[in-house]
Amino acid sequence: MNEKDIEFFKDIEKKWQKIWDEKQIYYSNPDKEKQKFFVTFPYPYVSGFLHIGTALSLTRVDIIARYKRLKGYNVLFPQGFHLTGSPIVAKSWRLRNGDEKIIKELKDEGVSDEDIEKLKDPAGWALYFVEKAEEDIRNLGCSIDWRRKFYTTYLHPWYNKFIEWQYRKLKEKGLVITGKHPVVYDPIANIPVGDHDRPDEYAGIGPTEGYIILFKLKDEDIILPAFTLRPETLYGVTNIWINPNGKYSIYLDKESNNKYILPDTIIVEEFNAQGYKLEKNKDIDVKEIIGKKCINPLTKEEVPILPAEFVDIKTGTGIVMSVPSHAPYDYIGLRDLLNTEYKEIAKECLDNMKVLFKVPGYNIPAKEIVEKMKINNQKDIQKLEDATKEIYSLEYYNGILTDIFGKYSGMKIYEAKDNIVKDFIEKNIAKVHYTLKPRFESRYGNLCIVKIIDNQWFLKYSDPEWKKLAHECIDNMNFYPEDAKQDFHQKIDWLKDWACAHNKNELGTPLPWDKSWVIESLSDSTIYMAFYTIAHLIKNIDPNKIEDDLFDYIFLNKGNEEEIIRKYGDIVKRMKEEFEYWYPVDLRSSGKDLIPNHLSFFIFHHVAIFDKKYWPRGIAINGYAVDALGRKMSKSLGNYISLRDALRKYSADILRFIIAMSTNSSYDDAKIDLNKSEFVMKYLISFYNYSIENYNKHQEYEESYIDLWFENKLNKLAKEIEDEYEKLNYMNVINKIFELDNSFEWYLKRASGKINGKVINKYIEYKAIFLYPIVPHIISEIFEKIGLDPFNIRYPENLSYTDEYEKYEKFIKSVRDDLIKLKILINDKKDKVKIIIASKEKYELFKELRNNKDKIDEFLNNYPNYKDILLFVKKNMYILDEFLDREKEYELLNSAKDMFKSELNVKDIIIEYEEESKESKKNRAMPYKPAIVFL
RNA sequence: GCGGCGGUGCCCGAGCGGACAAAGGGGCUGGGCUCAAGACCCAGUGGAGUAGAUCCGUCAGGGGUUCAAAUCCCCUCCGCCGCACCA
């Protein structure tokens, strides 16, 4: 990569960005004369420097914004930043605590020591990166109205007021409700543990919902709580497992006065986080209870307690019920005991095995799969896990309940399970319980549990009426690609209630009616596009004075206008005007990862709060940014690059071009191939040079045939490129521009030196316009250099074109290909070529044939002289649709004479009709395929 | 398991029922231009054939619908992603 050339681009970029800024040309104001287009990009979460993936989605938005301006729209493209949530707080916290990794990272990225000090405060961290992100986006050349910039959380009091208003509205409508909710929780740090609060390998693990079955020790009032994921197997329990190496005690529950046997581990804490108040009552010796009996609460059968080392004393309850007929672990656990002091009991258990489900291919599933997979003993964990998984899924979907299940017999497990469990719970046989599997530590080094949070606030996405409105909105929206529409419908149906508040010290907006909660980060970002319309004006109002009536008036048209104006000032009029003019959002464009969450929420909240006419109109989707080989960009792979570094290394226009080349509206990932930078640079520079050297530098003539042909092509491409821009298919746009390049090459060849200044100018203008949305800096520079106004570029409209011209040049191209092929084939220096156009008779014959394609065989019989030709046509029927008038073909070939001469490197081209030709090959001539003779 | 996306020539990638289309780009090979290299231009890049127009084959695999399929339907195989309170 040539540094000097990159500097050339960067200088131009700096120059134009400065001009745009000074002229404030991206400050968008309502203008009733013009149609508006409001486009948004979901604000990035700025916990650090922006990465190239952000640049991908952002560039896609900027390109459509610029394109729409070329089409004459009044475009609004605002940008804000997202600070809500815990990652910034967590990173800042780690920095404060001297985390070396984070310090090194910051230093590597060029953050000064002085700034690092600022980052030790979460607000400082947040605002620092807001500033850096804005810098990068400006350097990328985005056409943003920066007056409207804002960021989330209480750090921006106006936004805070807006969110409070939003949540009060939702609550009034009954869409925010309370409920219980299990979360992964750090009991020492006293916070819920999100993915970012734990080691990466445990990301994504949530509470496991299971059941406690309340076995009782025989003749004692002590409960042996067995944890299970398969309560429906309770009918088949032969024994209970406990871990012989574990330390168990009796615990008294102060809530219910029940006594439970549990291991002395984190499990006790987990119980207490789920509504129990356990206190240790008495130690027990495991050895003493092994062999004792307990009562199956469902069947009242007595079953023994036996030892098994596979029982994990840190998950569930540390006590497991044994169903050897259906659980491979249990079967093998008993089999292993056959060589021990418990062999009598174990044998009895195995003899008592009960098969509860009819499973295709198995009689006693667990036994048979253990034997089939040759599992030796309970230490063979991998095989046991596989076996369990296979049996469980087979039984769940295909297992038919036997008669023992009474009214449920004959059903499949997955059909009956919920009801069976409900019965158990009503009869106090089972209780719902959550656990963590596997158990892991939080980032703060504490073992996590599952805690049930009461009074959790939910957004009621399960509400069928709400869903209905969301579907209606989707039906009326445009999606790019169109497939996404169906996807959104499904995601709306799939969404359940969403916990929308956190009770920890995250950044965000406190829940207005209960300030101990903070609104969760996806939930404060659903209708903020409306805030953009007033963001620059609302700052004129003292945030402490803002009440709901202001937003009610602007967004919902409620209240008394005069009163509101009296209260807040005349600025309110402008705010109202802005909202009414710009809303709704015409297009929101983002990566596919936001479909099941943010973008769905975006739709949900709009239909809840706003009148139909303000519902969003369009969503565009792109895939992830990956490298040329399709790999994720990550620091560990060494292919990661921040937007900042990419801009430094490649410049904005080159980066934008590479991004555009990589992306259509699609779920497919965008392969951003930075190795293309050299090619792109040369490509743009050569157009730059060509434009300056050729614009207005050629004489203008009345258009010749080939001029007209090329203009026709230009018009056609303009239409096609327009279609691709409308769909945000930028890869296709660039492909079409390459097609233009090829056509232009052809034009130059065909014009053979007699190029027309009119055409050259039009070509330069059009190509510049086509490229402008993608590489606005260099195109602005070109416009200026060639004396056109770079602030008044318009996309060509109402262009007409015809396919006839295409057909003509296809003919020339076809003859040319034959000429070249033949020339290479004979490999002999000849300096004269004859092109012989077929006889009049043949053309007449072909015309007749064209109208009677199905009668070709008759023709073959009737015209034996032309047998060869007709046979050829029979195999190549296309010729009948393609051949032109004899005179037209003559004329066209004549016009291409000069090109043929120079391409074939011959002195003379003679075009003659078959009738007058003396060449013996003349009879091979046919319409569309003249005979060729090298002399 | 559920849901979604996808498998196209050496590579990336359009095309998503017909016009001799496997677009476009990249790579590679040969030729031209050059003292030479680069740039540029031409051709080739599934197989066969050849003073050119040709023949056969091909869009993961297998069936089917159709005068006509990479494109529609069914089945199979393989890859990627999401499954929640997290940005």
Side-chain angles (χ1 to χ4, degrees), chain A residues 42 44-47 82 84-88 181-184 192 194-197 203-204 206 389 392-393 396-397 414 456 458-459 461 481 483-484 486-487 490-491 493-502 520-523 525 592-598 623-624 626 628-630 632 661-662 664 666-669 671 673 675-676 679 682-683 686 724 729 731-732 734-739 741-742 745 749 803 807 810 814-815 817-828 830 872 875-882 902-905 921 924-926 928-934:
Chain A
Y45 183 76
V46 282
S47 58
H82 197 206
T84 311
S86 62
I88 288 174
H181 186 61
V183 294
V184 178
D195 278 349
H196 45 269
D197 294 322
K389 219 174 145 189
Y392 184 41
S393 110
Y396 187 73
Y397 293 101
Y414 75 91
Q456 168 69 275
F458 289 90
L459 284 161
Y461 293 140
D483 299 351
Q486 197 202 336
D487 202 9
Q490 270 158 359
K491 290 298 181 290
D493 279 334
W494 162 85
L495 273 166
K496 292 183 264 181
D497 293 346
W498 181 270
C500 64
H502 287 173
E520 173 275 329
S521 85
L522 285 172
S523 301
S525 306
K592 61 180 170 182
D593 47 327
L594 298 190
I595 294 172
N597 42 71
H598 166 71
Y624 301 120
V626 296
L629 301 172
K632 251 190 177 149
M661 273 173 101
S662 76
N664 279 338
S666 153
Y667 287 20
D668 291 348
D669 292 342
K671 292 189 179 164
D673 186 356
N675 295 323
K676 292 240 164 82
F679 162 78
K682 281 179 191 159
Y683 181 79
S686 88
E724 298 295 358
N729 287 338
M731 180 196 284
N732 293 357
I734 287 179
N735 278 336
K736 296 278 178 199
I737 294 174
F738 287 153
E739 204 177 303
D741 295 334
N742 289 342
E745 290 296 319
K749 240 189 252 176
D803 289 333
K807 219 169 151 181
K810 224 155 118 187
S814 156
V815 175
D817 287 351
D818 286 345
L819 281 165
I820 287 171
K821 203 166 175 188
L822 194 53
K823 155 124 187 164
I824 289 169
L825 199 69
I826 59 178
N827 194 22
D828 193 359
K830 313 261 184 168
F872 179 82
K875 295 212 162 167
N876 299 278
M877 297 288 272
Y878 73 91
I879 287 179
L880 295 177
D881 295 320
E882 295 294 315
S902 69
E903 281 208 290
L904 297 170
N905 202 15
K921 280 182 157 298
R924 297 190 68 172
M926 64 181 99
Y928 203 73
K929 292 282 182 190
I932 296 163
V933 186
F934 277 81

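Convention: sequence-line order gives letters A, B, ...; per-chain numbering from 1.
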**Request:** Take A:Asn729 and A:Asp497, find for each the nucleotide of RNA chain B with the closest heavy atom, and name the residue whose nucleotide sits nearer the 5' end.
**Result:** A:Asn729
**Message:** Mind checking if A:Leu522 touches a base, just sugar-phosphate, or nothing, with heavy atoms under 4.0 Å?
**Reply:** base
**Any side-chain heavy-atom pair of A:His82 and A:Ile88 under 4.5 Å** = no
**Message:** Does the structure show a Watson-Crick or G-U wobble partner for B:U45, both distances under 3.5 Å? Name it, or say none.
**Reply:** B:G27
**Request:** Find which nucleotide of RNA chain B each of A:Met731 and A:Pro930 is nearest to by heavy atoms, and output the residue with the more 5' nucleotide.
**Result:** A:Met731
**Message:** Please name the nucleotide paired to B:U34 by Watson-Crick or G-U wobble geometry with both distances under 3.5 Å, or report none.
**Reply:** none
**Message:** Students often get this wrong, so: under 4.0 angstrom with heavy atoms, is A:Ser666 touching a base, only sugar-phosphate, or nothing?
**Reply:** nothing
**Request:** Kindly state whether the pair A:Tyr461 / B:A84 counts as stacked, where counting means centroids closer than 5.5 Å and planes tilted less than 30° apart.
**Result:** no
**B:G4 phosphate, OP1 or OP2, under 4.0 Å from A:Lys491 side-chain N/O** = no
**Asked** Are A:Ile737 and A:Tyr683 side-chain neighbours, meaning at least one heavy-atom pair lies under 4.5 Å?
**Response** yes
**Prompt:** So what does A:Leu495 touch, heavy atoms closer than 4.0 Å: a base, only the sugar-phosphate, or nothing?
**Reply:** base
**Message:** Going by salt bridge (charged side-chain N to carboxylate O under 4.0 Å, His left out), name the residues that satisfy it together with A:Asp497, two or more places apart in sequence or in a different chain.
**Reply:** none
**Prompt:** Contact class for A:Asp673 vs. all strands (heavy atom < 4.0 Å): base, sugar-phosphate, or nothing?
**Reply:** nothing
**Request:** Scan every strand shown for a Watson-Crick or G-U wobble partner of B:C83, both distances under 3.5 Å, and answer none if you come up empty.
**Result:** B:G1
**Prompt:** Expressed in whole Å, how much space separates the C1' atoms belonging to B:A14 and B:G6?
**Reply:** 15 Å
**Message:** For B:U66, give the paired nucleotide (Watson-Crick: N1-N3 plus N6-O4 or O6-N4; G-U: N1-O2 and O6-N3; both under 3.5 Å), or none.
**Reply:** none
**Message:** At 4.0 Å (heavy atoms only), tell me whether A:Lys592 reaches a base, stays on the sugar-phosphate, or touches nothing.
**Reply:** nothing
**Fill in**
Per-nt protein contacts along nucleotides 21-31 of chain B (heavy atom under 4.0 Å; B base, S backbone sugar-phosphate only, - none) come out as --BSSS-----
**Fill in**
The Watson-Crick or G-U wobble partner of B:A39, with both key distances under 3.5 Å, is none
**Side chain of A:Asn664 (C-beta onward), nearest among B:G4, B:C20, B:A14** = B:A14
**Request:** Give a yes or no on whether the backbone of A:Asn664 and the side-chain of A:Asn732 come within a donor-acceptor separation of less than 3.5 Å.
**Result:** no
**Prompt:** Using purine N1 to pyrimidine N3 plus N6-O4 or O6-N4 for Watson-Crick, or N1-O2 and O6-N3 for G-U wobble, both under 3.5 Å, which nucleotide pairs with B:C16?
**Reply:** none
**Request:** Would you tell me if any nitrogen or oxygen in the side chain of A:Gln456 comes within less than 4.0 Å of OP1 or OP2 on B:C85?
**Result:** no
**Prompt:** Does any nucleotide pair with B:C77 by Watson-Crick or G-U wobble geometry, both distances under 3.5 Å, and what is it?
**Reply:** B:G7
